[in-house]
Enquirer: 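Below is one structure. I have some questions about it.
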Amino acid sequence: MDTTELRSRGWFGRDGKDGFIYRAWMKKQGIPMHLFDGRPVIGICNTWSELTPCNSHFRELAQSVKNGIYEAGGFPVEFPVMSLGETLLKPTAMLYRNLASMDVEESIRANPLDGVVLLCGCDKTTPSLVMGACSVDIPTIVVSGGPMLTGKYHGAEISTSDLWRFSEEQRTGLIDQQEFFNIEAGMCRSSGHCGVMGTASTMACMVEALGLSLPGNAAIPAPDARRKVLAHLSGIRIVEMVKENLRLSDILTREAFENAIMTNTAVGGSTNFVIHLLAIAGRIGVPLSLQEFNQIGEKIPLLANLQPSGKYFMEDFYYAGGLPALLKELLTHLHSSCITVNGKTIMENYANAVCYNEEVISTLAQPVNPIAGVVVLKGNLCEDGAVIKPSAASMHLLQHTGKAIVFEDMDDYKRRIDVPDLEVDENSILVLKHVGPKGYPGMPEVGNMGLPTKLLEKGVTDMVRISDGRMSGTGFGTVVLHVSPEAALGGTFAIVQDGDLITLDVFNQLLQLNVSDEDIALRKSKLAPFVSSCDRGYVSLYQNTVEQAHLGADLSFLKGGSGSLVTKDSH
Ligand code: FES
């Protein structure tokens with residue numbers, strides 16, 4: 001590429017007053033003149049924040065990226081964007097995914113950047129950064145922060161998926177509050193994101209399978225020095241990508257999205273993968289529908305024996321060969337000619353990968369579980385679809401008919417779940433409404449709602465649960481999620497009543513309300529139209545423009561991209 005064509009020359013290559021202003025204020029940071037000589041200017045988009053503990057090591061990671069950029073003859077410029085800490089943000093980090101993506105998009109476009117490195121970690125920081133970058137479409141590479149080390153407690157290995165078990169043990173009095181405190185400290189003992197195949201690790205696998213990161217990115221633990229090496233190498237590579245003008249739209253083809261879906265099935269990835277991948281496809285302009293997920297992933301079994309679908313942790317996954325070993329096993333199914341950020345194909349990157357432990361990364365011939373992936377359900381209870389992750393569900397509940405116990409919203413659930421005379425047994429189906437994108441708003445991770453204490457005490461460990469919300473990628477259970485249209489928009493889900501019979505048949509991809517069409521129509525006719533609960537600020541914008549889960553829950557006006565051209569110039 002002719003360096004006079006670089007975007008950054010529109011700032012730093014200027015003469016006169018304009019060039020003076022663009023360069024002089026940068027020089028106050030100690031930047032010497034030769035860095036303005038036409039070398040690629042690379043943004044390092046950093047989601048470091050002490051309020052996002054999973055990304056708290058990103059300043060060090062950014063330094064490794066910078067070292068690589070300098071080594072390759074580039075000019076690194078680190079900048080912050082809104083960071084989304086999954087555990088602290090209220091009402092839910094998902095409410096802000098689209099807002100953060102706007103920050104990323106506008107920050108990249110408005111600044112003199114020729115390429116960008118996205119530092120992603122905790123759940124929403126990956127999709128928000130990738131979505132924003134897609135809408136600009138300059139050369140981009142992703143560096144994930146890596147999972148934390150496996151937790152240790154009383155000689156046992158623990159991680160985030162155990163949280164749900166410990167929580168129920170505390171509710172039933174099996175462990176006391178002091179033990180709870182001690183478990184917290186043992187679980188989160190290093191930097192990095194959740195150490196199981198939760199949403200953050202799912203997103204790290206997604207970007208690698210899409211071809212947006214260097215091979216091996218998905219699983220190197222955050223404190224492992226090899227994570228910094230990968231960051232350094234990514235810094236070198238982004239400079240080359242700018243010279244090759246290798247952009248996101250060159251990598252994110254329809255086939256790359258299909259690779260990501262197959263990979264997600266094989267790793268047992270989070271249900272959140274579906275919603276984020278649909279949103280990313282919407283930004284880069286690749287047609288992809290929710291219903292296609294079944295067909296694309298149907299031949300792929302579960303290969304990774306990782307919690308919450310299996311037994312092991314992300315640290316084990318890395319030592320067993322990580323995503324490269326798994327992708328090598330999948331090569332016969334993948335579109336192996338897809339190009340990736342290092343300029344090589346999936347085949348070239350992974351054909352020689354080695355699996356060091358088949359107990360952790362199994363083979364197609366002897367998979368961990370033939371039942372895998374995220375199944376998209378259809379039926380009158382979810383006119384536009386719903387999802388379930390069967391590998392994290394109970395086999396005996398995958399075909400089940402039961403009476404609905406309906407909670408109209410989270411407050412109703414909290415108020416009544418442990419009321420002694422609640423007529424519930426292990427065959428009941430718990431229905432939670434108004435936790436969808438518009439209704440909550442923000443679609444929180446409450447879909448794997450806790451079971452009634454009186455059933456826990458009887459030894460019940462799972463029940464069918466259905467909601468228009470989401471579930472943590474670390475969660476498990478027979479949990480139907482993302483029901484679309486959500487209750488707030490008046491689909492059939494809105495009119496389910498206590499005692500209605502519901503049929504879940506995962507093998508036939510069915511979610512059915514066993515109520516006559518006439519009764520459904522009558523009940524729907526009495527529903528009030530949706531009214532936004534907020535009349536100002538971002539939440540109002542979100543409630544009025546967010547799309548339904550089956551479309552990726554992006555804001556309608558953010559779909560697609562605006563490119564990297566800045567047409568107006570104030571100086
Ligand atoms: Fe950040 Fe799990 S809370 S990855």
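Read the numbers this way: they start at 1 and go in the same order the structure lists the ligands and their atoms.
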Enquirer: Number the atoms of ligand 1 from 1 as they appear, then name those within less than 4.0 Å of a heavy atom of E86, with their elements.
Expert: 3 (S)
Enquirer: Nearest protein heavy-atom contact for atom 2 (Fe) of ligand 1: which residue, which atom, what distance?
Expert: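 Of every protein heavy atom, C194 SG, 2.2 Å lies nearest to atom 2 (Fe) of ligand 1.
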Enquirer: Going by the atom numbers of ligand 1, which of them fall below 4.0 Å from some non-hydrogen atom of H193?
Expert: 4 (S)
Enquirer: Can you tell whether the side chains of D162 and R165 come within less than 4.0 Å, N to carboxylate O?
Expert: yes
Enquirer: Could you list which atoms of ligand 1 come closer than 4.0 Å to a heavy atom of A200?
Expert: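 Near A200, the atoms of ligand 1 are 4 (S).
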Enquirer: Given that the side chain starts at C-beta and the backbone is N, CA, C, O, which of these parts of C54 lies under 4.0 Å from ligand 1, counting heavy atoms, or is it both or neither?
Expert: side chain
Enquirer: What are the atoms of ligand 1, with element, lying closer than 4.0 Å to any heavy atom of T87?
Expert: 3 (S)
Enquirer: Heavy atoms only: give me the nearest T125-S83 pair and the separation to one decimal.
Expert: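 Minimum heavy-atom separation between T125 and S83: CG2-OG, 4.3 Å.
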Enquirer: Consider only side-chain N and O atoms of E359 and Y312, and report whether a donor and an acceptor are under 3.5 Å apart.
Expert: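 Note: E359 and Y312 side chains meet the donor-acceptor criterion.
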Enquirer: Below 4.0 Å from ligand 1: does a non-hydrogen atom of D123 turn up there or not?
Expert: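 In this structure, D123 qualifies as a contact of ligand 1 - some heavy atom is under 4.0 Å.
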Enquirer: For atom 1 (Fe) of ligand 1, which candidate among G85, C188, C122 holds the nearest heavy atom?
Expert: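 The nearest heavy atom belongs to C122.
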Enquirer: Please name the pair of heavy atoms, one in Y542 and one in P437, separated by the smallest distance, quoted to 0.1 Å.
Expert: CE2-O, 3.2 Å
Enquirer: Any luck finding a side-chain donor-acceptor pair between N349 and N342 under 3.5 Å?
Expert: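 Side-chain D/A pair, N349 to N342: present.
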Enquirer: For H57 and R227, which I'm curious about, is there any donor-acceptor pair between the side chains at under 3.5 Å?
Expert: no
